[in-house]
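Report on one structure; see the data block that follows.
Small disclaimer: the values here were computed from a predicted structure and weren't measured. Within every chain, numbering begins at 1; the chains are lettered A, B, ... in the order of the sequence lines, protein sequences first and strands thereafter.
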Amino acid sequence: MCGRYCLTTDAAILAEIFGLTPSDLPELAPRFNIAPTKHAPVVRAGEEAGRRMDLMHWGLIPFWAKDPTIGSRMINARSETAAEKPAYRNAIRRRRCLVPADGFYEWKKISPKSKQPYFIHARDDRPLALAGLWDRWKDKAGGEDNVIESFTILTTQPNRLLKSVHDRMPVIIGPEGFDLWLSGEVEDPADLQHLFQPVADDTLAMHPVSRHVNSPANDDAKCIEPAEVVDPKGSKRHGSDDGAALFS
DNA sequence: CCAGACGTTGTT
DNA sequence: GTCTGG
DNA sequence: CCAGACGTTGTT
DNA sequence: GTCTGG
């Protein structure tokens with residue numbers, strides 16, 4: 001799945017990659033540890049034309065929700081079934097977005113009581129575009145104009161590299177898929193299914209990182225720094241960049 | 001009809 | 001909002 | 001995803 | 001154990 005990620009790339013560079021108007025970008029600080037319920041930038045189709053980037057709450061709050069805390073359980077959506085789920089079926093037809101990420105974290109279970117975090121990123125270190133859905137929720141009770149826009153990240157089967165750490169991974173959209181994914185209303189969500197295939201095995205690389213990343217309060221470069229794999233008994237081995245090892 | 005869920009992952 | 005379960 | 005809380009009454 | 005918060 002995808003429950004934590006990193007985004008430190010400048011807004012100007014993201015604008016170039018995602019085809020955004022450079023004069024209309026949100027302020028972005030480097031983020032090494034974006035966690036559910038935090039705000040993060042997503043790219044979506046503009047209401048008139050083009051694309052825009054806006055900050056949204058991670059954890060999709062369906063427009064019909066009475067209690068917005070439901071969003072904390074909607075951080076991922078299975079791409080295989082999103083079109084049928086009440087929480088996502090409207091969004092997948094009309095409100096798709098791309099979630100820029102330098103890379104994401106996965107926790108590999110290394111013993112019954114221990115998990116080792118890994119950082120996964122493009123081999124060429126360019127930002128990734130994760131497939132997302134968004135929604136707009138309005139507080140009925142508050143009376144005020146309390147509007148929250150929020151997003152979720154789609155998941156799919158792991159490719160060969162990811163399979164070694166986890167059984168799910170985020171859907172990653174290549175540049176050739178941006179137009180379709182960010183197009184307006186799609187009548188049949190089956191037309192999108194081909195975008196949900198796991199990325200090619202040689203596009204990503206990964207390395208183990210410190211458990212420093214475990215706490216969402218830690219948001220610094222140490223989160224992505226290569227670290228030793230440490231098992232619960234304390235024996236160690238050095239973390240190589242597994243992606244590079246597999247494909248070099 | 002109304003009430004209650006609406007999600008994923010991982011673990012057993 | 002809409003579907004499922006009772 | 002992980003971390004951290006998980007409760008009430010009464011008194012200050 | 002399970003839920004909420006980040």
(message) I'd like the P distance from D/dT9 over to E/dG1, given in whole Å.
(response) 29 Å
(message) I'd like the C1' distance from E/dT2 over to B/dT8, given in whole Å.
(response) 15 Å
Extract all donor-acceptor atom pairs below 3.5 Å that involve side chains of residues 43-53 of chain A and protein atoms in other chains or at least two apart in sequence.
residue : atom : partner  : partner atom : Å
A/Arg44 : NE   : A/Asp54  : OD2          : 3.2
A/Arg44 : NH1  : A/Glu149 : OE2          : 3.1
A/Arg44 : NH2  : A/Asp54  : OD2          : 3.1
A/Arg44 : NH2  : A/Glu149 : OE1          : 2.9
A/Arg51 : NH1  : A/Phe18  : O            : 2.8
A/Arg51 : NH2  : A/Asp179 : OD1          : 2.6
A/Arg52 : NE   : A/Asp54  : OD1          : 3.4
A/Arg52 : NE   : A/Asp54  : OD2          : 2.9
A/Arg52 : NH1  : A/Asp24  : OD2          : 2.9
A/Arg52 : NH2  : A/Asp54  : OD1          : 2.8

(message) Assuming nearest nucleotide by heavy-atom distance, tell me which of A/Cys2 and A/Ala65 is located more 5' along DNA chain B.
(response) A/Ala65
(message) If I pick the P atom on B/dA5 and the same atom on E/dC3, what distance separates them, to the nearest angstrom?
(response) 11 Å
(request) Could you list by number each residue of residues 84-96 of chain A showing a heavy-atom separation from DNA chain B of less than 4.0 Å, or answer none if no residue does? (result) A/Lys85, A/Pro86, A/Ala87, A/Tyr88
(request) For atom CD of A/Glu27, decide whether the heavy atoms of other residues, nucleotides or ligands shown that lie under 6.0 angstrom number more than 12. (result) no
(message) What's the separation between atom OG1 in A/Thr9 and atom CZ in A/Arg126, rounded to the nearest 0.5 Å?
(response) 9.5 Å
(message) So A/Glu228 and A/Pro208, do their side chains get closer than 4.5 Å, heavy atoms only?
(response) no
(request) Report the residues that fulfil ring pair (Phe, Tyr, Trp, His ring centres under 6.0 Å) with A/Tyr88, sequence neighbours left out, ordered by chain and then residue number. (result) none
(request) Starting at atom CZ of A/Phe151, determine the distance to atom P of B/dG7, rounded to an integer number of angstrom. (result) 18 Å
(message) Rounded to whole Å, please give me the gap between CD1 in A/Ile34 and C1' in D/dC2.
(response) 16 Å
(request) Identify, with sequence neighbours excluded, every residue that meets side chain to side chain contact (heavy atoms under 4.5 Å, CB included) alongside A/Asp188. (result) A/Ala190, A/Asp191
(request) Could you check whether the rings of A/Trp181 and A/Phe196 sit parallel, tilted or perpendicular, using 30° and 60° as the cut-offs? (result) perpendicular
(message) Is the base of D/dC1 stacked against the aromatic ring of A/Tyr105, taking ring centres under 5.5 Å apart and planes under 30° as the test?
(response) no
(message) What is the separation between atom CD1 on A/Ile70 and atom P on B/dT8, rounded to the nearest whole Å?
(response) 12 Å
(request) Would you mind telling me which of D/dA3, B/dT11, B/dC6 lies closest to the side-chain atoms of A/Lys115? (result) B/dT11
(message) With a sphere of 6.0 Å drawn around CD of A/Gln193, does it hold more than 12 non-hydrogen atoms of other residues, nucleotides or ligands?
(response) yes
(request) Could you state the atom-to-atom distance from CG of A/Asn76 to P of B/dC6 in whole Å? (result) 17 Å
(request) Answer with base, sugar-phosphate or nothing: what part of the nucleic acid does A/Ala77 contact at a heavy-atom distance below 4.0 Å? (result) sugar-phosphate
(message) Can you tell me the base-pairing partner of D/dC6? Count Watson-Crick or G-U wobble geometry only, both distances below 3.5 Å, and say none if there is no partner.
(response) E/dG1
(message) Tell me every residue that passes side chain to side chain contact (heavy atoms under 4.5 Å, CB included) with A/Ala87, counting only those two or more places apart in sequence or in another chain.
(response) A/Pro62, A/Trp64, A/Met74
(request) Kindly assign one of parallel, tilted or perpendicular to the pair A/Tyr105 and A/Trp107, based on the angle between their ring planes and the thresholds 30° and 60°. (result) tilted
(message) If I pick the C1' atom on D/dC1 and the same atom on B/dG7, what distance separates them, to the nearest angstrom?
(response) 14 Å
(request) Pick the P atom in D/dC2 and in B/dT11, then give their distance to the nearest Å. (result) 9 Å
(request) For nucleotides 1-6 of chain E, just jot down a letter per nucleotide in 5' to 3' order: B, S or -, based on protein non-hydrogen atoms under 4.0 Å. (result) ---SSB
(request) Taking only the side-chain heavy atoms of A/Arg168 (C-beta and beyond), determine which of D/dC2, B/dC6, B/dT9 contains the nearest atom. (result) B/dT9
(request) Identify which nucleotide among D/dA3, B/dT9, D/dC2 has an atom closest to any side-chain atom of A/Arg78, counting heavy atoms from C-beta outward. (result) B/dT9
